[in-house]
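Structure, as structure tokens:
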Amino acid sequence: MDTRSIMIVGVGGQGSLLASRILGHVLLMQGFEVKVSEVHGMSQRGGSVVTYVKYGDKVYSPVVEKGEADLIVSFEQLEAARSLPYLKKGGTIITSTQKLDPMPVITGATTYPEDIFNQFRDAGVDFVSVNALELAEQAGSAKASNVVLMGVVSTKMSIEKEVWLKALEECVPAKFLELNKKAFELGRECY
Amino acid sequence: MKKLMLGNEAFARGLYEAGCNVVSSYPGTPSTEITEEVAKYEEIYAEWAPNEKVAMEVAIGASMAGARSFCGMKHVGLNVAADPLYTAAYTGVNGGLVVAVADDPGMHSSQNEQDSRHHAAASKVLMLEPSDSQEVKDFVKEAYRLSEEYDTPVIVRMSTRVAHSQSAVELCDREEVGLKEYVKNPQKNVMMPANARGRHVFVEERTKKLIQEAEASILNKIEMNDGQIGVITSGTSYLYAKEALGDSVSYLKLGIVNPLPSYIIRSFCKKFETVYVIEELDDIIETQCKKLGCEVIGKEIFGFIGELSQSIIREKIKGISPDYLTIPTEIPVRPPVMCAGCPHRGVFYNLAKHKITVSGDIGCYTLGAAQPLCAMDTTVCMGASISGLHGMNKARPEMEKKSVAVIGDSTFMHSGMTGLVNIAYNATNSTVIILDNSITGMTGHQQNPTTGYNLKGDVAAKVNLEALCKALGIDRVRVVDPYNLAETEKAILEELEADAPSVIISRRPCALLKYVKHNPPLKSNDKCKGCKACLKLGCPAISIKAGKACIDHTLCVGCGICKELCKFDAIE
């Protein structure tokens, strides 16, 4: 199988590292060669955070470049828009509807673009939007948005649900497992 | 068994399997997780040292005593540790000595983009460079063998993408190698001139042998394919090249990047019409090729700046540009910011308010330089805030009353203390603010000598910062709570006014620490006049919606400084 590329984008602190680890575990269990690339340190402090997951028979570069992502999972609208150039033509974006103002918007230096999804439609982008924050709160914690989104992603990939649940068990601390399983189910059901 | 591992985790696994006994490091992105992961193996003694120089010396001492030892650091950390490294190159080792240095091309979390290969060449020690997690583990084990065989420290060069990418690793058992015999040997280990002269002869002889090793080593691989193009590369650049060019070119992948081989480079180059050297940052392999009389193409097309990638290589060699979708809207940037509830905010707000010149340092608090606080004038390296402030104040004595240094607790332990001694000893009325958030923050919460815990999480001796500063010669030492804006402001203004050097310890644990209990999130009410005074704090939880302040309940931790600031009681 040719190498496939997934990008997970969001704002530092939203839990994209956990999402990429779950995804990595799932793909490894499927027998693929997997590479997951993270960014730590300064950019984690409320800045744009990007994680790459690549899999296939053979994976060389751990990074995803412009026009290469088969799937982009976004935790936030603006970050979905920022990541668009990385989407392969024919690829899909799954994005949370959450909006978080970046500092230049907070200080009033610029404004938050209002019609990102309309612009996606106009540009012919294949995308799915989900109110992951609300579903996560329904599951018991706003922090579980990442796992809600993994639930949505699982409906887009032909991998058994049990594999996803096993990966959850391996990646999530035991005391939060039930909450995260619920978040995952809500993600699966919403789409 | 195969396991998905970060490069840094695989490094730790390599140390474990190689029978490493003693580890001492200082955290620094992207190297930190190596030592955090090592700490999980009971068989290995591991510690956070106060700085990289100490860590390197601990590892050298352990090696001399016969243990397989290790120290890890980021690229700029190796500058701090360069002094012991350059002489350990002369003493050589007893138990194997492996050093990790993690470069950060693209400066994801660093203040410069230096290429650590220069340190290997200048100190004349062996340097290996792996490409992925499996290679990291294999190279670490090979590094110990080479270290002991050739009597040299061995540096394993990591980069952000190797350190922070996960790929599958085959796990093996630990090989207990035990301690080598310790025999007193001053000719080898006491580097006074008479002995060092002899050891320099040894070093030059060793380099010749290491070049022979590089000519034959399995770490330097040739992959022959059809076509008239050859590529010489190493580390993560090899992965980018393979992805961009596949089997359309042939490769010389160098796993040993210092010293570089001569024979295999020359014979590889002779086979092709065109040879590209693909390496991140500086032109080290390229220069060696040219020195050997080989015509190669490298930095003239790839440049010296930032990370490489498959698309850069595709574009530069094949002339193919990526094809992608865009939308017309301009996307606002999202720079990193101080977290909601960050205790540093109260200090920086006051420094900005009084337009104080701020000599800054390395840590989360460097974000005090960002909009809207803009409360930092300089940042150079670990510890430079304090010594730099003294220099500023010597050059312009009138600045004493309107300038401060800011430095974190861990950075103060790392290399701030000596600067403070200099202020006391050489007398400027400088004001130093220690931002004591009781943890090493930016690198992801590592313990340090001020926290009372060690790397393994056990209770440890705790440095008393107040007593330490007094012992270093500063009589005026006071402690403030940065959540109390008025108290913090008063302390800053009084200490600036004082005719003596002073230290203000701004003490409040990092808001992200698990043990920190938060207050319920605050809310704005209809008394809000939309004056935007609260926006000057640069808190990511506060924004303006329909002309009024709005607080994001998922981010707010109830620190209350916006409430303190609001003149209209509009935040409750």
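Below, read A as the first sequence line, B as the second, and so on, with proteins coming before strands; counting in each chain starts at 1. A quick note: this is a predicted structure, and the numbers were derived from the prediction, not measured.
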ask   = Residue by residue, which of residues 134-142 of chain A have a heavy atom closer than 4.5 Å to a heavy atom belonging to chain B?
value = E137(A), A142(A)
task = Go through the steps for V34(A) and Q166(B) under the test side chain to side chain contact (heavy atoms under 4.5 Å, CB included), then give the verdict.
result = CA-CA 8 Å; V34(A) 182; Q166(B) 299 179 55; over 6 Å; no
ask   = Can you tell if the side chain of S165(B) reaches within under 4.5 Å of the side chain of K35(A), non-hydrogen atoms only?
value = no
task = For the pair R21(A) and L6(B), evaluate side chain to side chain contact (heavy atoms under 4.5 Å, CB included) and give the outcome as yes or no after the intermediate values.
result = CA-CA 10 Å; R21(A) 285 185 181 193; L6(B) 277 181; 3.8 Å; yes
query = For E114(A), is it the side chain, the backbone, both or neither that has a heavy atom under 4.5 Å from a heavy atom of chain B?
reply = neither
query = Counting heavy atoms not belonging to K143(A), are there more than 12 under 6.0 Å from its NZ?
reply = no
ask   = Hey, is CZ on R82(A) packed in by over 12 heavy atoms from elsewhere, all under 6.0 Å?
value = yes
ask   = Picking from M338(B), R161(B), K3(B), which has the most non-hydrogen pairs under 4.5 angstrom with chain A?
value = R161(B)
key: Under 4.5 Å from any heavy atom of chain A - which part of S311(B)   = both
ask   = What part of K545(B) is in contact with chain A, defined as an atom under 4.5 angstrom from a non-hydrogen atom: side chain, backbone, both or neither?
value = side chain
ask   = Counting heavy-atom pairs under 4.5 Å to chain A, which of V333(B), T236(B), I542(B) comes out on top?
value = V333(B)
inquiry  = Any non-hydrogen side-chain atom of P332(B) less than 4.5 Å from a side-chain atom of P113(A)?
reply    = yes
request  = For F120(A) and I327(B), run side chain to side chain contact (heavy atoms under 4.5 Å, CB included): C-alpha distance rounded to whole Å, both residues' side-chain angles, the deciding distance at 0.1 Å, then the answer.
outcome  = CA-CA 7 Å; F120(A) 276 4; I327(B) 52 174; 4.1 Å; yes
ask   = Tell me, side chain or backbone of L512(B) under 4.5 Å from chain A's heavy atoms, or both, or neither?
value = side chain
query = Tell me, side chain or backbone of C342(B) under 4.5 Å from chain A's heavy atoms, or both, or neither?
reply = neither
Residue P30(B) versus chain A: region with a heavy atom under 4.5 Å = neither
ask   = Which region of D104(B), side chain (C-beta onward) or backbone (N, CA, C, O), has a non-hydrogen atom less than 4.5 Å from a non-hydrogen atom of chain A, or is it both or neither?
value = neither
remark   = Heaviest contributor of heavy-atom pairs below 4.5 Å to chain A, chosen from S133(B), G444(B), C339(B), G538(B), is G538(B)
ask   = CD of E38(A) to CD of E33(B): how many Å apart, nearest 0.5 Å?
value = 8.0 Å
key: Gap separating the CG atom of L84(A) from the CD1 atom of I331(B), nearest 0.5 angstrom   = 8.5 Å
task = Output, in order, the C-alpha distance, side-chain angles, deciding distance and verdict of side chain to side chain contact (heavy atoms under 4.5 Å, CB included) for T329(B) and I116(A).
result = CA-CA 8 Å; T329(B) 299; I116(A) 288 169; 6.0 Å; no
query = Considering residues, nucleotides and ligands other than K316(B), do more than 12 of their heavy atoms fall under 6.0 Å from its NZ?
reply = no
request  = Please list, in residue-number order, every residue in residues 90-109 of chain A that has a heavy atom less than 4.5 Å from any heavy atom of chain B; write 'none' if there are none.
outcome  = L100(A), D101(A), P102(A), M103(A), P104(A), V105(A), I106(A), T107(A)
ask   = Counting only heavy atoms not in K221(B), do more than 12 fall under 6.0 Å of its NZ?
value = no
query = From K88(A) NZ over to L325(B) CG, what is the distance, rounded to the nearest 0.5 angstrom?
reply = 13.0 Å
task = Any chance you could measure D323(B), atom CG, to K89(A), atom NZ, to the nearest 0.5 Å?
result = 3.5 Å
key: Neighbours of chain B found in residues 51-74 of chain A - heavy atoms under 4.5 Å   = Y52(A), K54(A), Y60(A), S61(A), P62(A), V63(A), V64(A), E65(A), K66(A), G67(A), E68(A)
request  = Tell me, yes or no, whether the heavy-atom count around N118(A) atom CG, taken from other residues, nucleotides or ligands under 6.0 Å, exceeds 12.
outcome  = yes
message = Looking only at heavy atoms and a cut-off of under 4.5 Å, which of L555(B), L535(B), D552(B), T160(B) has the most pairs with chain A?
response = L535(B)
request  = Tabulate, in ascending numerical order, the residues of residues 163-171 of chain A having at least one heavy atom closer than 4.5 Å to a heavy atom of chain B, or enter 'none'.
outcome  = none
